[in-house]
Each structure stands twice: as C-alpha cells, then as structure tokens.
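The shown structure was predicted, so the numbers you read here are calculated from the model rather than taken from an experiment. Atoms within a ligand are numbered from 1 in the order they appear, just like the ligands themselves.
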Amino acid sequence: MTVQHDLPAESTTPDGCPVSSVTETPTGCPISHQAAAFDPFKGDYQVNPADSLRLARTEEPVFYSPVLDYWVVTRYDDIKEIFKNPDLFSAAITLEQITPVSEEAIEILDKYDFAPGPTIVNEDEPIHTERRRALFAPFEAEAVAELAPAITEVTNEYIDKFVTRGQADLVDDLFYEVPCIVALKFLGVPDEDIETCRQFGMQQTLFTWGRPPAEEQNRVATGMGQFWEFAGGLVERLKQTPDAPGWIPHAIRVQADNPELITDNYLQNIMMSGILAAHETTTNASGNAFRTLLENRHAWDAVCEDPDLIPKAIEECLRYAGSVVAWRRMTTDDTAVGGVEIPAGSRVLIVTASANRDETMFPEPDEFDINRKNARRHLTFGLGTHTCMGATLARQELRIFIGEITRRLPHLRLVEDQSFTYLPNTSFRGPEHVLVEWDPSQNPIPADRP
Ligand code: HEM
C-alpha cells in the first residue's frame, strides 16, 4: 500500500471539513491531506483537472477520496492498464449517478417508469462486444464520411448568420446546436423532434456526473423522466419506418433478426444515452479546441496557413484539453493499481485528463504543440474494448469546424479578459461560452463582408 501517510491514524479533521469522520481508506490506511481535500465538484479540479492532480501524479498517483468514496487514478500507465483489463475493471457503473439520488427524486423517476439499463458503454463482456459488433455499421469510416457534406453545409449555414457581425459566442452560435443536429441525424431522429431532444440534453450531465443540490435534483429528475418517456415514444415511432437512415433504425433492424440481443428497453436506453454520447462531448471538444487554438496564436496561424495540419491539431487539442476528463470503473476482485491495494467492489475514477499530461508519456506535457508526435495516444476517447465508437464522427466534426472557420474567419480572436465557465461535474468539460471578435470588413471572402 503506497498511499501517503501524512495524517496520523488517530487524527480527526476539524468541524466544517468535508471528511471529518473519515480518516482511513477502506483498506485501513490513513488518508493524506491531499486526498482528503480532493473535491472534483469545485476548486482546482473544476478550473483545470489535469493541473489539480499534478502533485498527485508524482507523489500519490493512486489515492482514496473520501468525498467521493472512489479511488482516484492519475497516471497514464495505470489508467491504460485499467482500460485494457475489462474483466477486473467492470464498466457497469459508468452511468451511475455519482451523487446519490434523493428519495424524492427517486419517486419522481418512478412516476415515469424510468428504467435505465445496459447501453453498451456500461456493459461487460461477453454481451458488450456482441452488441457493439451488431450495432457498429453506422460508425464505420465510410458511413461517417457520407455525412461530411451535410455537416459542412449546416456548419456554413450557422457561420452565415454571424460572419458579418464582428463578434460571436462560438458555443451559442455554432458549437451547441450543430453537434446536436448532427447527433440526432446520426441517431435517425426526425427533424421535428430535434428541438425537444436538444432541450433534454444538459439535464443528463448534471444528473449523472454532477452534484445537484436537493431542490435541483427534483427538477433534473423530472427532466430525466420526461426524456425517458420521450425516448420510448420516439423509438416506437421509428419502428414504423425501419428502413430510415440512422443508428436507431439500424438497431431496430438488428432487433428484428435478434430480438433477444436488442430488446425494447435496450433501444430506449441507447436512444437516450446516444444523444449525450454524441452531442455534449463534441460541443465541449469544439469549445475546448477553439479556446486552446486561439490562446496559442502561433498554432492557430499555422493551421490557417496550412489546413493539412488540422488533423494533428485536433489530436493535440483532445490531449491538451479533452472534453471527457474522467471515466469510471468498478473492481470485480481484489487488485492493486500502481502498487496500491484496492479491494473488490471498489469504485475507481480514472482521470484521463491527468493521464494526458503525464510527462512519462508526453514530454513537456503542458506545452501545446500541434506537431507533437504521439498526441494521438491521448486517452480522451478511452482505450480497449469500450473505446469511443463515435471517435471518427467527432474528429470529422472538429475537422469541419476548424476547416470552415479558419477559411472564413482566420483573423478571429478571443475577446480579452473573458472568464470561462464550466458545468460542475466530474467528467464532461467544455467552456459554456467562447466569445470571439473580428473585423468583418477584413473577411477574406468578399461575399462574407458586410
Ligand atoms: C470529442 C467527442 C467525444 C469524446 C471525448 C468521447 C469520449 C468517449 C469515452 C471516454 C467513452 C468511454 C470509453 C471507455 O469506457 O473506455 C466513449 C464511449 C462511447 N462513445 Fe464517445 N466520445 C465522443 C463523441 C462521441 C460521438 C460523436 C458518439 C456517437 C456518434 C459517441 C458514441 C460513443 C459510444 C456509443 C460509446 C460506447 C462504446 C462502448 O462502450 O463500446 N461518442 N466515448
């Protein structure tokens, strides 16, 4: 056991401290001040998760957090080992509410017959791979490439709305809506339902990965219940047009051949979780990428001059400022991670943002370098059996956003002195707003000038 023993075993923290009654890990070791102070819902972790764990990476790379009742893992090699060992590190808890749901919120959810179940990302082997294979066709590179012209078109329609304005909020004006439209098109949601699905999105992040106070839990639970009901209705309607394009119609066709593999409950679950998987992750990745590129002007200018650099720039953005910063697993047996013993049944928070800044993997990890040779080895999409199925689509969207904006607005700059805000939660990270400005009379394409 290598957890630091900074606190004497008998010491208790003073009143008002978050861990006053807990001084030991579940394996009986005293908890360090650093581990006791770790709180991913506020403070340093919310500002910059990788930076907040800088000391942990060198001094205490695996530690128990009493605030969360999770073991926190911070180093690249340890996290890679966890991802590559799905039998020992079960994915079953990945969509569990990290904040226990109140009795009242449970009653609200019951009213909607909310029945969250397996949905690929939280399934274990062998059923996980069986379903993943059966449902993969729409994620293949060729199928995703077919969506590129439509994504480029809708992106330009949105840019048209602000290109002569001289200022914009890239999140409100582009990155929130376009990835949502793309996600829903990908799933096969009809146009008339897109707005309703959009409204439900954010509730899900707060519900699963946030720490909503009691009164907010009821509001969020109501939103989740309504979303669940809506997702079920949508699947029923899509069953009337099984030949339609999109992932859910594809899954409906798989169900026709193999109803035991893909049940109705499973369809409802992938409908609901698919929206979150595809939308907010990409919205956040886009906000992070543009903030990072514009803060590193040399990189932005290089990409404007040579669009062939875009794919490398995307990988470095995903490494440096990923939109998924932490993921979860549960141990199925007693084990050790980085030399720290972890009992069976423990919850583990794997902070991929920290792994992505691990200097043993990425030299000068805090440098943003679009020519970094191994940037693509970041863990932002996970690794192993559960690696993100939508990575090709996400990369394609980022390519189109960066390609079109650097082409039409290369002189874009961040509004000075803006403060970036983030939705408080453990795992999904992207700025709520990215304010930019430019001189529209200097737009390089004459038709884009006022
Ligand atoms: C930049 C954007 C995205 C990021 C950072 C991201 C990240 C992730 C992560 C961390 C996982 C879990 C990996 C694991 O457990 O090992 C995952 C799984 C998944 N993602 Fe993404 N994702 C993104 C975009 C998308 C998109 C656009 C879609 C759908 C079109 C999508 C669909 C999925 C699915 C279906 C899974 C479950 C895969 C499995 O468990 O086998 N993701 N993603």
Student: Kindly confirm or rule out an N or O of Phe186 lying under 3.5 angstrom from an N or O of ligand 1.
Tutor: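 No; the residue has no nitrogen or oxygen that sits under 3.5 Å from a nitrogen or oxygen of the ligand.
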Student: Could you tell me if the ring centre of Phe136 sits under 6.0 Å from that of Phe139?
Tutor: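 Ring-ring flag for Phe136/Phe139: true, centres closer than 6.0 Å.
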Student: Note the single closest protein heavy atom to atom 10 (C) of ligand 1, along with its residue, its atom name and the distance in Å.
Tutor: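 Sorting protein heavy atoms by distance from atom 10 (C) of ligand 1 puts Thr380 O, 3.4 Å first.
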Student: Any idea which protein heavy atom is nearest atom 6 (C) of ligand 1, and the distance to it?
Tutor: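 Of every protein heavy atom, Phe381 CD2, 3.7 Å lies nearest to atom 6 (C) of ligand 1.
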Student: Is there at least one pair of N or O atoms, one from Ser323 and one from ligand 1, spaced under 3.5 Å apart?
Tutor: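 No; the residue has no nitrogen or oxygen that sits under 3.5 Å from a nitrogen or oxygen of the ligand.
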Student: Could you check whether the rings of Phe290 and Phe175 sit parallel, tilted or perpendicular, using 30° and 60° as the cut-offs?
Tutor: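 Judged by the thresholds at 30° and 60°, the geometry between Phe290 and Phe175 is tilted.
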Student: Which atoms of ligand 1 have any heavy atom of Ile120 under 4.0 Å away?
Tutor: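 In order of numbering, the contacting atoms are 37 (C), 38 (C), 39 (C), 40 (O), 41 (O).
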Student: From the options Arg328, His378, Arg329, select the one whose nearest heavy atom is closest to atom 15 (O) of ligand 1.
Tutor: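 It is Arg329 that holds the nearest heavy atom.
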Student: Look at atom 12 (C) of ligand 1 and say which protein heavy atom is nearest, naming residue and atom and giving the distance to 0.1 Å.
Tutor: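 For this ligand atom, the closest protein heavy atom is Trp327 NE1, 3.4 Å.
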Student: Determine, using ring centers only, whether Tyr76 and Phe362 are less than 6.0 Å apart.
Tutor: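 Here the rings of Tyr76 and Phe362 have centres that are less than 6.0 Å from each other.
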Student: Look at atom 25 (C) of ligand 1 and say which protein heavy atom is nearest, naming residue and atom and giving the distance to 0.1 Å.
Tutor: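 Looking at atom 25 (C) of ligand 1, the protein heavy atom closest to it is Ala277 O, 3.2 Å.
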Student: Between Tyr64 and Trp71, is the ring centroid distance below 6.0 Å?
Tutor: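 Centroid distance Tyr64-Trp71: below 6.0 Å, so yes.
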Student: With a 4.0 Å cut-off on N to O distance, would you call Asp264 and Lys239 a salt bridge?
Tutor: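 Yes, this pair counts.
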Student: To which protein heavy atom is atom 35 (C) of ligand 1 closest, and what is the distance rounded to 0.1 Å?
Tutor: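 Looking only at protein heavy atoms, the one closest to atom 35 (C) of ligand 1 is Met389 SD, 3.7 Å.
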Student: May I ask you to say whether Arg347 pairs ionically with Glu96, meaning some side-chain N is under 4.0 Å from a carboxylate O?
Tutor: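 The answer is yes: the pair qualifies as a salt bridge.
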Student: Can you tell me which residue and heavy atom of the protein come closest to atom 1 (C) of ligand 1, and the distance to 0.1 Å?
Tutor: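 That would be Ala285 CB, 3.6 Å.
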Student: Report yes if some N/O of Thr282 lies less than 3.5 Å from some N/O of ligand 1; otherwise report no.
Tutor: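 Checking ligand 1 against Thr282, no N or O pair falls under 3.5 Å apart.
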Student: Quick one: look at Cys388 and ligand 1, take heavy-atom pairs under 4.0 Å, and tell me if it's side chain, backbone, both or neither.
Tutor: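 Both backbone and side chain.
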Student: Under 6.0 Å between ring centres, would you say that holds for His279 and Tyr176?
Tutor: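 Between His279 and Tyr176, the centre distance is under 6.0 Å.
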Student: Would you say ligand 1 has an N or O under 3.5 Å from any N or O of Thr281?
Tutor: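 Not met; the criterion fails.
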Student: Is the count of non-hydrogen atoms from other residues, nucleotides or ligands lying under 6.0 Å from Asp44 atom CG greater than 12?
Tutor: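 No, CG of Asp44 has 12 or fewer neighbouring heavy atoms, counting only those of other groups under 6.0 Å.
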Student: Report yes if His386 has an N/O atom closer than 3.5 Å to an N/O atom of ligand 1; otherwise report no.
Tutor: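 Yes: some nitrogen or oxygen of His386 is under 3.5 Å from one in ligand 1.
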Student: Does CD in Glu359 sit with more than 12 non-hydrogen atoms of other residues, nucleotides or ligands closer than 6.0 Å?
Tutor: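 12 or below, so no.
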Student: Looking at ligand 1, is there an atom of it that comes within less than 4.0 Å of some heavy atom belonging to Glu397?
Tutor: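 In this structure, Glu397 fails to qualify as a contact of ligand 1 - no heavy atom is under 4.0 Å.
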Student: Please state whether the rings of Phe186 and Trp247 are parallel, tilted or perpendicular, taking 30° and 60° as the class boundaries.
Tutor: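 Tilted.
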Student: Of the side chain and backbone of Leu393, name the one, both, or neither that has a heavy atom under 4.0 Å from an atom of ligand 1.
Tutor: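 Within the 4.0 Å criterion, Leu393 contacts ligand 1 through side-chain atoms alone.
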Student: Please list, in number order, the atoms of ligand 1 under 4.0 Å from a heavy atom of Phe139.
Tutor: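 So the answer, numbered in order with elements, is 29 (C), 30 (C).
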